[in-house]
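The figures that follow rest on heavy atoms only: side chains count, while hydrogens, waters and symmetry mates do not.
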Amino acid sequence: MHIAVSAAGDDGVTLTELDEAGRPGGAPVSVPREAFAEAVSEREPGSPRWVWDDTRRWYPGLLEAGVVVERCVDLRLNHVILKNSAATADSELALAPASAWDVPSDWAPQAASDALFELGALRGRRPEEGADPIEEFRRQRSAVAGSADPNRLSLLLAAESAGALIAVEMEFAGLPWSAERHNELLEGLLGARPHPGQRPARMQALLGDIRFALADPSANPDSPVELVKSLRRAGIDVTSTNKWELQRHEHPAIEPLLAYKKLSRLLSANGWNWIDAWVNDGRFRPVYVPGGVVTGRWASDGGGALQLPHQVRGAVVADPGWLFVVADAAQLEPRILTAMSGDRAMAAAGHDRDLYDGIVASGAVDTRAHAKVAMLGAMYGATTGESGRMLPKLERAYPRAIRFVEEAARAGERGEVVSTHLGRSSPRPPVEWRQQQDDAQQEGADEPLLAAAKTARRSWGRFTRNFVVQGTAAEWALSWMAGLRGRLARLGPGLPLAQRPHLVFFLHDEVMVHTPAELADAVAAEVRAAAEDAGRLLFGGLPVQFPVTVATVESYDQAKG
DNA sequence: ACGAATTGCGCC
DNA sequence: AGGGCGCAATTCGT
């Protein structure tokens, strides 16, 4: 059963039962905002699917009232998918002009301070006209029903909506974070916390080494422009200060300089200021943004949640009596490519073992490192270097897989749209791109113009090449996590989220569950089972495995990393 | 002086 | 001539 949730006046909520096609069934029921959570929890035993415009708008309040929602339809996220999908291109929804449903969520993130939250409540609330959730739900059901493969799209929409629930739940629970342990890690690497504007001792010492090695007492590694000048004066022929270029040179200044930059990065991105800004009551609460990346990956807003450096992962510490179950999907993207392309040779290479080892065992390349760089290159569109050299070997052994990504690249170069397995489609190239290609076709187009157009064409091809793999991997990961979420709920039936195993972190192909220690083994089993489910859901009977590595740990740095 | 763009690097 | 991001600090542009 579906129940639509919509705002009624300033401070009420209307609940309307809907049938499968999205038509209203019984009479709508209006309740005051204060009674909303209770009204939802009363319905829970029958587990309806809650249909609402924006999970971030409705769900935080429910969680605070102790209500965990089992299933939902996030109309805004699903709208974006259907609006862009090639599978629903001729639907009423896709053909309609832009509306309130095309505007990104502006509901105040839960992580905002109270003061900001109050401010957000006063402004930034869009008018509701043209945004009737019941009407939108009907349009979405109709678009899916009229597509060539409603099952795949339905799965995608369900997974995306489950992700929206999980994102809010992870913000609600927070990632357990020991500020004390973090401080110890920083002190070990940098020295004691300095006064504002001062360098930590370890960086100050390295600065001395750099200046000595360059024979330049005023060298300033914090300024790329000045640093390039200093390096060139010392006879080091660089044009930029990035790590890649610096590493190629042999000079006593290079090593301390790279060490300095590494520490400088740690200090500015995840140093003491970061702790002050982001850790409260032993929890790090970033804002996750489902669907924040065009490929369907999540993005995050604030705190750099999806870029936590390995250096500080030791500060992610489970509560006393609790543990983390950390799991990641092994070689996810190559396996996704294997399944999408139906490459049986590659499926065999990855059967019951590390896929890269299997590629070596097949004789295609000589080392695991070569297999890995060649596969990544194939999926990213590398043409030069080691990766480019390995590619022909890979293509001889696995022609179907390699041709699959090549096809996606050629389509992009022609300006076409490509789609993931479940039907999320790539954006069309920007109008300037189209214009540039057209200009290059004109008679008398000069050489620089032709070259620039070709560069842009290849670049868009690399994007579409990667889109199909990265996007389908995101679909698998969402399905995995959504299934795991349901399984975790059954490990602690009726318990509030924070008192039973719950997800606390998600990083593209990796999940982390915070669990009472005695349930850790059960959680690990659910993680594996959910991964098997995800493979079956997306690819049915194809003989492609999606193994996961699972570690039960007290702190994040103990997971393989 | 200020906002926009760039650089550099962290994650997958 | 290698895909997708977010963030801080520097540098550019007006």
Report task. Would you mind checking if A:Glu187 and A:Arg193 are paired as a salt bridge, meaning a charged N to carboxylate O distance below 4.0 Å? Result -> no
**Report entry** Whole-Å gap separating C1' (C:dG3) and CZ (A:Phe404)
**Finding:** 15 Å
**Report entry** Closest to the A:Arg265 side chain, choosing from C:dA8, C:dG2, B:dG8
**Finding:** B:dG8
Query - Nucleotide of C:dA1, B:dC12, B:dC9 approaching A:His310 most closely (side-chain heavy atoms) - result: B:dC12
Query raised in the report: Roughly how many Å is it from CZ in A:Arg313 to P in B:dG10, rounded to a whole number?
Result: 12 Å
Report task. Could you state the atom-to-atom distance from CG of A:Asn273 to C1' of C:dA9 in whole Å? Result -> 13 Å
Query raised in the report: With a non-hydrogen cut-off below 4.0 angstrom, is A:Gly302 in contact with a base, only sugar-phosphate, or nothing?
Result: sugar-phosphate
Report task. Tell me which nucleotide among C:dG3, B:dC11, B:dC9 gets nearest to the side chain of A:Pro309. Result -> B:dC11
Report task. Would you indicate what A:Arg458 reaches in the nucleic acid, counting non-hydrogen atoms under 4.0 angstrom: base, sugar-phosphate, or nothing? Result -> nothing
Query raised in the report: Has the side chain of A:Asn270 got a donor or acceptor atom that lies under 3.5 Å from a matching backbone atom of A:Leu266?
Result: no
**Report entry** Sidechain N-carboxylate O distance under 4.0 Å for A:Glu333, A:Arg297
**Finding:** yes
Report task. Looking only at side-chain atoms of A:Arg462, point me to the closest of C:dG3, C:dA8, C:dT11. Result -> C:dG3
Query raised in the report: Salt bridge or not for A:Glu406 and A:Arg410, using N-O below 4.0 Å?
Result: yes
**Report entry** Nucleotide of C:dG6, C:dT10, C:dG3 approaching A:Gln307 most closely (side-chain heavy atoms)
**Finding:** C:dG6
Query raised in the report: How close or far is atom P of C:dG2 from atom CD of A:Glu406, stated in whole angstroms?
Result: 13 Å
Requested in this report: Rounded off to whole Å, could you give me the CG-to-C1' distance for the A:Asn220 and C:dT11 pair?
Outcome: 13 Å
Query raised in the report: What nucleic acid atoms does A:Val294 come within less than 4.0 Å of, heavy atoms only: base, sugar-phosphate, or nothing?
Result: sugar-phosphate
Requested in this report: Apply side chain to side chain donor-acceptor pair (under 3.5 Å) to A:Arg457 and A:Gln437, showing your working.
Outcome: CA-CA 8 Å; A:Arg457 193 160 61 244; A:Gln437 300 306 315; 2.9 Å; yes
Requested in this report: Determine the interplanar angle of the A:Phe505 and A:Tyr556 rings, folded into 0 to 90°, and report it as parallel if under 30°, tilted if 30 to 60°, perpendicular if over 60°.
Outcome: perpendicular
Query raised in the report: For B:dT7, does OP1 or OP2 lie under 4.0 Å from any side-chain N or O of A:Lys243?
Result: no
Report task. Can you tell me the distance, in whole Å, between the CG atom of A:Leu391 and the P atom of C:dG2? Result -> 12 Å
Query raised in the report: Picking from C:dG4, B:dC9, C:dG6, which would you name as closest to the side chain of A:Ala299?
Result: C:dG6
Query raised in the report: So what does A:Asn270 hit on the nucleic acid, given a heavy-atom distance under 4.0 Å: a base, only sugar-phosphate, or nothing?
Result: nothing
Query raised in the report: Can a side chain N or O of A:Thr241 be found less than 4.0 Å away from OP1 or OP2 on B:dG8?
Result: yes
Query - Options B:dG8, C:dG2, B:dC12, nucleotide nearest the side-chain atoms of A:Thr383 - result: C:dG2
Requested in this report: Please work out if A:Gly303 contacts a base, only the sugar-phosphate, or nothing of the nucleic acid, heavy-atom cut-off 4.0 Å.
Outcome: sugar-phosphate
Query raised in the report: Nearest to the side chain of A:Pro224, which nucleotide is it out of C:dG4, B:dG8, B:dG10?
Result: B:dG8
**Report entry** A:Thr295 vs C:dG3: side-chain N/O to OP1/OP2 distance below 4.0 Å
**Finding:** no
Query raised in the report: OP1 or OP2 of C:dT11 sitting under 4.0 Å from any side-chain N/O of A:Ser223?
Result: yes
Report task. Check every strand shown and say whether A:Thr455 touches a base, only sugar-phosphate, or nothing at a heavy-atom separation below 4.0 Å. Result -> nothing
Query - Whole-Å gap separating P (B:dC11) and CZ (A:Phe506) - result: 18 Å
Report summary line: Heavy-atom nearest nucleotide on DNA chain C taken for A:Gly292 and for A:Trp244; more 5' hit belongs to A:Trp244
Requested in this report: When you get a sec, tell me which of C:dT10, C:dG2, B:dG8 is the closest nucleotide to the side chain of A:Asp222?
Outcome: C:dT10
Query raised in the report: Reckon A:Ser459 touches a base, only the sugar-phosphate, or nothing at all at heavy-atom distances under 4.0 Å?
Result: nothing
Report task. Select one nucleotide: of B:dC11, B:dG8, C:dG4, the one nearest the side-chain heavy atoms of A:Lys261. Result -> B:dG8
Report task. Examine A:Phe284 together with A:Trp274 and report whether their ring centres are nearer than 6.0 Å. Result -> yes
Query raised in the report: A:Leu308 has an atom CG; how far is it from atom P of B:dG10, in whole Å?
Result: 13 Å
Query raised in the report: Can you check whether A:Tyr380 stacks with the C:dG3 base, using ring centres under 5.5 Å and planes within 30°?
Result: yes
